Novice: 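Okay, here's the structure, questions in a sec.
In this chain, numbering begins with 1 at the start of the sequence shown. Not measured: the values here are computed from a predicted model. Whatever order the structure lists them in is the order used to number ligands and atoms, beginning at 1.
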Amino acid sequence: MKLFKPLSICLLLALNILSHAQVSLVGAGKKVDPFHYEVVKNGQFRKASVSSAHPLASLVGAAIMEQGGNAFDAGIATQLALAVVYPGAGNIGGGGFMLARKSNGELIGLDYREAAPSKASRDMYLDKNGTVLSALSQFGDLASGIPGTIAGLFATLPYAKLPFKILIQPAIDLAENGFVISEKQVNDFNEQKDIFIKNNNHPIAFVKEGKWHLGDTLFQKELANTLKRIQKDGVKGFYEGETANMIVAEMQKGNGIISLEDLKNYTAKLRKPLEFDYRGHHIISFSPPSSGGIIINQMLKMIEKYPVGTYGFQTSKTVQLMIEVERRAYADRAEHMGDPDFWKVPVKTLTSDKYLTERMKDFVAEKAGSSTDVKAGTIHESEETTHISILDDLGNMVSITTTLNGGYGCKTMVGGAGFLLNNEMDDFSVKPGVPNMYGAIGGEANAIEPGKRMLSSMTPTLILKNKKPYVVIGTPGGTTIPTSVFQGIVNIIDFNMSASDAINKPKFHHQWLPDIVMIEKGFDANTKKHLQTMGYKLSDRGSIGRTEAIRILSDGKRETAADIRGDDSVAGF
Ligand code: GLY
């Protein structure tokens, strides 16, 4: 075996890396200009596509691919950039899932979901009378699971081409030298000011004297220093040493329980992706501890027997059928799904034809079903999460959903380290078998146990057509995530919509309990009326999800679309 590459190859490699290192991507007038950028909702690209929740993060991903990186490089760099420019959900203090299909057909499911600390216990959010103390699972240090994101990025690195040092540099630049915040962020920071002050006993970058205004620049020096430690020391720069000490010091101040051992022992895990066919397309999605893949598998297979395309888009016939399959899939979520390392999730049965045919036996067209007699329940989840869809010139497909859970997680920043912690512990069933403050019921499968990963709804998904890459899709939205992905897929496959239409059409959501259909603004008024006459209770609500999708057209162009519901933006070439 040769131990050394020939000198010429080594030299070329070194020069290549050096040239990447020398070109700074971020700065006024550079490829990624933090002071002049715009939201771009659609693009048709030939070689590289990124769609994410923030224009600067998408630009970083595309620039990294222009520098010679692949979709995995872009995935790492975009996530790190989002942790800086989209701190409500982008993160290094949270967790996520990466689903990918390499150009050679290999599938990768990477689980870097947060885990319960070793001192966590089943009743940790109950008072002595057994009453749920939801403030503790939602705010402050005790709400935080052990963060997984940095472990996930380093577990992605073997599939990437560029050195980590280069991939993290744009995030460092954005944190250190600042970027102009968008109008949405101005409003967000102003609205959250009191809650930030309440949950932090040290100054944090998002709180300033007076109010934020349009045109203001956000600087995050402490975060830049944390990112530099990760750049220098790798995964240990987060899970050991100074950053880990800061996390544990924060826990001691704020009544949290994450220990140095918890951090040191955290690892990302490979999960076998879930695969199934739908109307001649091959769908690949995430398996437990996400419920998302199973739910979309169940819903798509339950509607496959019906000619939805001929029923028409959002006619009452189509919508009623989709509501009823949503009801059934979400009922199964609560009863049967949890971390597969702690609970046997009957994936095969739940997705089998026999079981799903049985589930639809009591479906009656033109008549609302009822959730009252069903004995399982759902779990409350917050909706602030974020998704990135990426495709490179080789055809590597990368779909990443990542989260702090609630907007700005537990609202507490690690003192001196400049990043927010998650409040993912609230995704466990805080009190199995008993309705929580939202009237929802959690299952035994998702009870708190040390080291266990809380059930998620995140549904990063890929679609192949004729065995070739076709669609990359995913969204934030808590329990609404699987329904958004479900409806996006149906819009593309059954209604032949463009990526942009498929994600931007108004949506509806039913999650079994509460037994209501949530409806987004702009939904067809006649369909709403007809559903009410069938016996459905409808409830108008704000946005459902912020989906990012890429669809490959027959001429090879990649239709790249960002959701119109936020600052979401595409970039590519
Ligand atoms: N925290 C949102 C989810 O994991 O589904």
Novice: Using a 4.0 Å cutoff against the non-hydrogen atoms of Ser456, which atoms of ligand 1 qualify?
Specialist: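 Per the distance check, 3 (C), 4 (O), 5 (O).
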Novice: Could you tell me whether a side-chain N or O of Asp339 sits under 3.5 Å from a main-chain N or O of Lys452, the two making a donor and an acceptor?
Specialist: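 Not confirmed, Asp339 side chain does not pair with Lys452 backbone.
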Novice: Using 4.0 Å as the upper bound for N to carboxylate O, is an ion pair formed by Lys301 and Glu304?
Specialist: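 So Glu304 pairs with Lys301 through a salt bridge.
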Novice: Less than 4.0 Å between a side-chain N and a carboxylate O, is that true for Arg101 and Glu275?
Specialist: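 No, this pair does not count.
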Novice: Report, in ascending order of atom number, the atoms of ligand 1 lying under 4.0 Å from any heavy atom of Arg113.
Specialist: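 Atoms satisfying the 4.0 Å criterion: 4 (O).
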Novice: Taking the basic N atoms (NZ, or NE/NH1/NH2) and the acidic carboxylate oxygens, is any pair closer than 4.0 Å for Asp194 and Lys411?
Specialist: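 Between Lys411 and Asp194 there is no salt bridge, as every charged N stays at least 4.0 Å from the carboxylate O atoms.
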Novice: Any atoms of ligand 1 less than 4.0 Å from a non-hydrogen atom of Thr385? List them with their elements.
Specialist: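 Under 4.0 Å from Thr385, ligand 1 has these atoms: 2 (C).
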Novice: Is Met454 in contact with ligand 1, taking contact as a heavy-atom separation below 4.0 Å?
Specialist: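 Judged by the 4.0 Å heavy-atom criterion, Met454 does not count as contacting ligand 1.
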Novice: Specify side chain, backbone, both or neither for Thr479, according to which of its non-hydrogen atoms lie closer than 4.0 Å to ligand 1.
Specialist: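 Neither; nothing of Thr479 gets under 4.0 Å from ligand 1.
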Novice: Any ion pair linking Asp427 and Arg113 (charged N to carboxylate O, less than 4.0 Å)?
Specialist: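 So Arg113 pairs with Asp427 through a salt bridge.
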